[in-house]
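What follows is a set of notes on a single structure, which appears directly below.
Chain letters run A, B, ... following the sequence lines, proteins first and then strands; every chain starts at 1.
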Protein chains: 2
Amino acid sequence: MTTVDIAEKLRDQGIRLTPQRLAIAEVVINSADHPTVRDIYSRVRDFFPYLTVATVYSTLSVLERAGLVAQLPFQKESRYDSNNTLHVNLVCTKCESIVDCDAGDNYLEKIKDRIQDSGLFQNKYQRFDIYGLCENCLKLS
Amino acid sequence: MTTVDIAEKLRDQGIRLTPQRLAIAEVVINSADHPTVRDIYSRVRDFFPYLTVATVYSTLSVLERAGLVAQLPFQKESRYDSNNTLHVNLVCTKCESIVDCDAGDNYLEKIKDRIQDSGLFQNKYQRFDIYGLCENCLKLS
DNA sequence: TTTCATGCAAAAGTTTTGCAACCCC
DNA sequence: GGGGTTGCAAAACTTTTGCATGAAA
């Protein structure tokens, strides 16, 4: 996604536009590796040497409330996902890589629909992780 | 599950049996509310006043490695799940309750099978959370 | 007897908070 | 100009670690 598109998205959501925010949003949205806060901090810091982690945390919570990114808490630290479609995260327990994966046949939609239709719960968003070994770690073992 | 059954399970897994471990395992396995470490600590402490949180953490990691419980990291703190079947966690964003739910039609099994069959990933275990409003919070709103 | 768990204390690491200066709208 | 954001520092909290004592096998 281009810088201009991201700026427009932020404005659409009523988020005040600052250079730091734009840079942070750009890094998270254009990273497919589900970066940690330290990853994001480190990548954005190349452009804003005075940036602090507090600003990164603050911005990420703004982006999350706007629905642009999702926080994925893990045991050690959170990862961030900018894919807001219904998908599965394939989490490698060895190298800690995370890859998005389509579940196929609209299975996830069907599960959510059924729960919604029961009237016992009102769905907002979801997280589906499958833990195991990624292709690369499989080869190495 | 009875104390005797739990003791047997621990022994089967080669876990050294201590009164503290048995009590912690019993609390987690017989709690359907997905307790936090502090919840577990507080419940077991009634019986073992000298118990420390370090022991609770240590025991939980042993139980997790044995596959008896699953850790669910959240933003604030982890919750513990003793349901090792393929299910969905309905997580209320208002009252923070977590209720297990069957997905129906073996959808989860089908999704996992497809990923496994692709040969690109080797499944171990999974976590599927749906966030939203629980029945009770829906009524109150 | 040997090995491992417990309790206690301290450390580590992530995330949050408070506040003054500054920038966006 | 007004209100929200940044940067800096410190605090809060969960989780981990080290080590001596004590209990399980």
Side-chain angles (χ1 to χ4, degrees), chain A residues 3 6-28 34-42 44-66 68-80 96, chain B residues 3 6-28 34-42 44-66 68-80 96:
Chain A
T3 308
I6 293 173
E8 195 183 336
K9 265 203 165 181
L10 297 182
R11 251 192 308 264
D12 287 350
Q13 294 285 335
I15 297 173
R16 183 177 288 191
L17 216 57
T18 69
Q20 292 92 331
R21 280 195 174 162
L22 194 54
I24 292 168
E26 205 165 344
V27 161
V28 183
H34 304 71
T36 66
V37 170
R38 297 209 80 78
D39 290 334
I40 298 163
Y41 174 61
S42 145
V44 178
R45 225 167 107 91
D46 294 342
F47 306 98
F48 296 88
Y50 292 102
L51 187 79
T52 61
V53 281
T55 299
V56 177
Y57 276 104
S58 159
T59 299
L60 287 172
S61 89
V62 168
L63 297 177
E64 191 187 13
R65 261 170 294 175
L68 296 178
V69 305
Q71 183 192 37
L72 304 177
F74 280 91
Q75 189 169 10
K76 297 158 134 183
E77 57 187 338
S78 285
R79 308 275 293 255
Y80 284 82
E96 303 195 311
Chain B
T3 308
I6 294 174
E8 194 183 336
K9 264 203 167 182
L10 297 183
R11 251 192 307 264
D12 286 351
Q13 295 285 335
I15 296 173
R16 182 178 289 191
L17 215 59
T18 70
Q20 291 93 331
R21 280 195 173 163
L22 193 54
I24 292 168
E26 204 164 344
V27 160
V28 183
H34 303 71
T36 66
V37 170
R38 298 209 80 77
D39 290 333
I40 299 163
Y41 174 61
S42 146
V44 177
R45 225 168 108 90
D46 294 342
F47 306 98
F48 297 87
Y50 291 103
L51 187 78
T52 61
V53 281
T55 299
V56 177
Y57 275 105
S58 159
T59 299
L60 286 172
S61 91
V62 168
L63 297 177
E64 192 187 14
R65 260 170 296 175
L68 297 178
V69 306
Q71 182 191 37
L72 303 178
F74 280 90
Q75 188 169 11
K76 296 158 136 184
E77 56 187 339
S78 285
R79 307 275 295 255
Y80 283 83
E96 304 195 310

Within the 4.0 Å heavy-atom criterion, would you say A:Pro49 contacts the bases, only the backbone, or no part of the nucleic acid? nothing
When all nucleic acid strands are considered with a 4.0 Å heavy-atom cut-off, which category describes A:Pro19: base, sugar-phosphate, or nothing? sugar-phosphate
Any side-chain heavy atom of [X] sitting closer than 4.5 Å to one from [Y]?
X: B:Val37; Y: B:Glu77; result: no
X: A:Asp39; Y: A:Thr36; result: yes
X: A:Tyr80; Y: A:Gln71; result: yes

With B:Val27, which of B:Val56, B:Ile40, B:Asp46 fulfils side chain to side chain contact (heavy atoms under 4.5 Å, CB included)? B:Ile40
Does A:Arg16 make a side-chain N or O approach to OP1 or OP2 of C:dC23 shorter than 4.0 Å? no
N/O (side chain, A:Gln20) to phosphate O (OP1/OP2, C:dC23) under 4.0 Å: no
Closest nucleotide of DNA chain D for B:Lys76 versus for A:Ile15: which of these residues is on the 5' side? A:Ile15
For B:Phe74 and B:Thr18, find the nucleotide of DNA chain D closest to each by heavy atoms; which residue's nucleotide sits nearer the 5' end? B:Phe74
Mind checking which nucleotides bracket the chain A contacts on DNA chain D, 5' to 3', with an atom under 4.0 Å from a heavy atom? D:dG3 to D:dT16
In whole angstroms, how far is the P atom of C:dT6 from the CZ atom of B:Arg45? 16 Å
Expressed as a whole number of angstroms, how long is the span from B:Tyr41:OH to C:dT6:P? 14 Å
Give, for atom [atom1] of [X] and atom [atom2] of [Y], the distance between the pair rounded to the nearest 0.5 Å.
X: B:Leu68; Y: B:Asp12; atom1: CG; atom2: CG; result: 9.5 Å
X: B:Ser61; Y: B:Glu64; atom1: OG; atom2: CD; result: 7.5 Å
X: A:Leu63; Y: A:Arg65; atom1: CG; atom2: CZ; result: 10.0 Å

Which pair of heavy atoms, one from B:Ala66 and one from B:Ile15, lies closest together, and at what distance? CB-CD1, 3.7 Å
Does anything in residues 50-63 of chain B reach DNA chain C, meaning a heavy atom under 4.0 Å, and if so which residues? B:Tyr50, B:Leu51, B:Thr52, B:Ala54, B:Thr55, B:Thr59
Under-4.0 Å salt bridge between A:Glu96 and A:Arg79: no
